[in-house]
Structure formats: structure tokens, C-alpha cells
Amino acid sequence: YDTFYTDRYLTTQNVRRMHDLLGGIPYEHIIILANTDYYGGGGIYNSYTLTTTGHPKFAPVVVHEFGHSFGGLGDEYPYGNDDPMYFPDTEPWEPNLTTLVDFKSKWADLVTEGTEVPTPSVALPDYRKLRTAEERRRLNDATQRVGVFEGGGYQTHGVYRPAQVCRMKINEVEHFCPVCSRAIVRITDFYTSH
């Protein structure tokens, strides 16, 4: 725990030992399950997913972290701009984040013509207080509305994400947005078609 000075960020400090233990076993992707009920997880692209098994949010966390480790997806939630991870003159490598430097290479083809950039958010139920099936449906439907929403990659301004809410932003939605889904399909096709 406490990787990158975040109490819930969980990684292994023994990557070499992990690979030594797996030596002789064919593998491409690794999911490490930690036997604890303390909330946490981490996903490193092309390396591994790590998540706790005893926490009630185990299932959505392992899916989110899988998005990182398998799909190369970035976190879509903002913290602020005090310590920017992405610079305004550089396009992020993650397929679901953009600084608009080279937006055509990202999800411009999935945005309906006439969509405002940045795309304004619509009122959604508070994901921390979902009470009814209708509130859950409205929140899940929002994952399918593709736009250019400001705030992502831990930054409030200057980095944009494809959906107002997605599995890469909050655990309370059931789906990845179309951009994240496409990225996962593309990497799956890469592994299964080549």
C-alpha cells in the first residue's frame, strides 16, 4: 500500500521475484490477488493487475485495474493541477486521455458532429448515493455518451476524457465507455490475431 503516496494504491515491490516464481509457466498477463479486506489495487500496463479480495468493491476494482494493465487505459478522475502528470504540449499515450494536441488519433471518430469541446456534463445521480434502479440506469447510460469532458489523468484542467463517467473514473458504473471498450477490443485482437 501507499505506492505513489496514495494509501489505496497497491503494488508489488517484488516484480523480479514475481516473474521468477512464474518462470516455466506461459503467461502474458498477471492478476495478483491480495488476501486482505482493506480497499486497494493497482494496474501497470503490460505488467500486472493487483487487487484485494476481501473488500466489498473487489469486483469493480479488479475490472478497473485490468483496464490499466491490459488495455493501457488511464485514470479518468481529476485531483487538481498542483502536480501535473500530463503537459499541455504533449498528447498522452493512453487511448482514453487527450490534451487535444493530437485528438484525431484518439476518439475524434466517435464524437458526434456538433459536440461541444469541452463537452458539458449533464446532471446525473450522485454515484455515492444510488438508491433506485432508474438512478443506476441513468448513470450507466451516461457511459455511452462520447464527448470530450475536461478533467482526467488526475488533472482538473487541460486533460480530457471520452465520457462523463466510465469504469476508469468510478466503480459504480457497470461498463467501460465506447472509447475504453474499443481500446480493450484492439489489444485483445492484437493478442488473438497475431
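Just the heavy atoms: all of them, side chains too, but no hydrogens, waters or symmetry mates, feed the values below.
- Expressed to the nearest 0.5 Å, how far CZ of Arg161 lies from OG1 of Thr98 amounts to 13.0 Å.
- Here the side chains of Leu73 and Pro95 are in contact, with some heavy-atom distance below 4.5 Å.
- Taking the ring centroids of Trp93 and Tyr45, they lie under the 6.0 Å cut-off.
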Residues Tyr86, Glu94; criterion side chain to side chain donor-acceptor pair (under 3.5 Å); working and verdict: CA-CA 11 Å; Tyr86 299 96; Glu94 296 93 337; 2.7 Å; yes

Stepwise side chain to side chain contact (heavy atoms under 4.5 Å, CB included) check, Tyr79 with Gln155: CA-CA 6 Å; Tyr79 284 140; Gln155 293 178 219; over 6 Å; no

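- Side-chain contact between Thr99 and Tyr160: absent, with no pair of heavy atoms (C-beta onward) separated by less than 4.5 Å.
- Judged by distance alone, the side chains of Thr143 and Asn140 never bring a donor and an acceptor atom under 3.5 Å apart.
- Relative orientation of the Trp107 and Phe103 rings is perpendicular, given thresholds of 30° and 60° on the angle between their planes.
- Looking at Tyr27 and His19, their side chains do bring a donor and an acceptor atom within 3.5 Å of each other.
- Side-chain contact check for Pro78 versus Glu150: every heavy-atom pair is 4.5 Å or farther apart.
- Side-chain contact between Lys169 and Gln164: absent, with no pair of heavy atoms (C-beta onward) separated by less than 4.5 Å.
- Note: Tyr191 and His29 meet the aromatic proximity criterion, with ring centroids under 6.0 Å apart.
- The line from OG of Ser69 to CD1 of Ile32 is 10.0 Å long, rounded to the nearest 0.5 Å.
- Among Arg128, Lys57, Arg167, the one residue that satisfies the side chain to side chain donor-acceptor pair (under 3.5 Å) test with Glu172 is Lys57.
- Salt-bridge formation is detected for the pair Arg137/Glu134: a Lys NZ or Arg NE/NH1/NH2 atom is positioned less than 4.0 Å from an Asp or Glu carboxylate oxygen.
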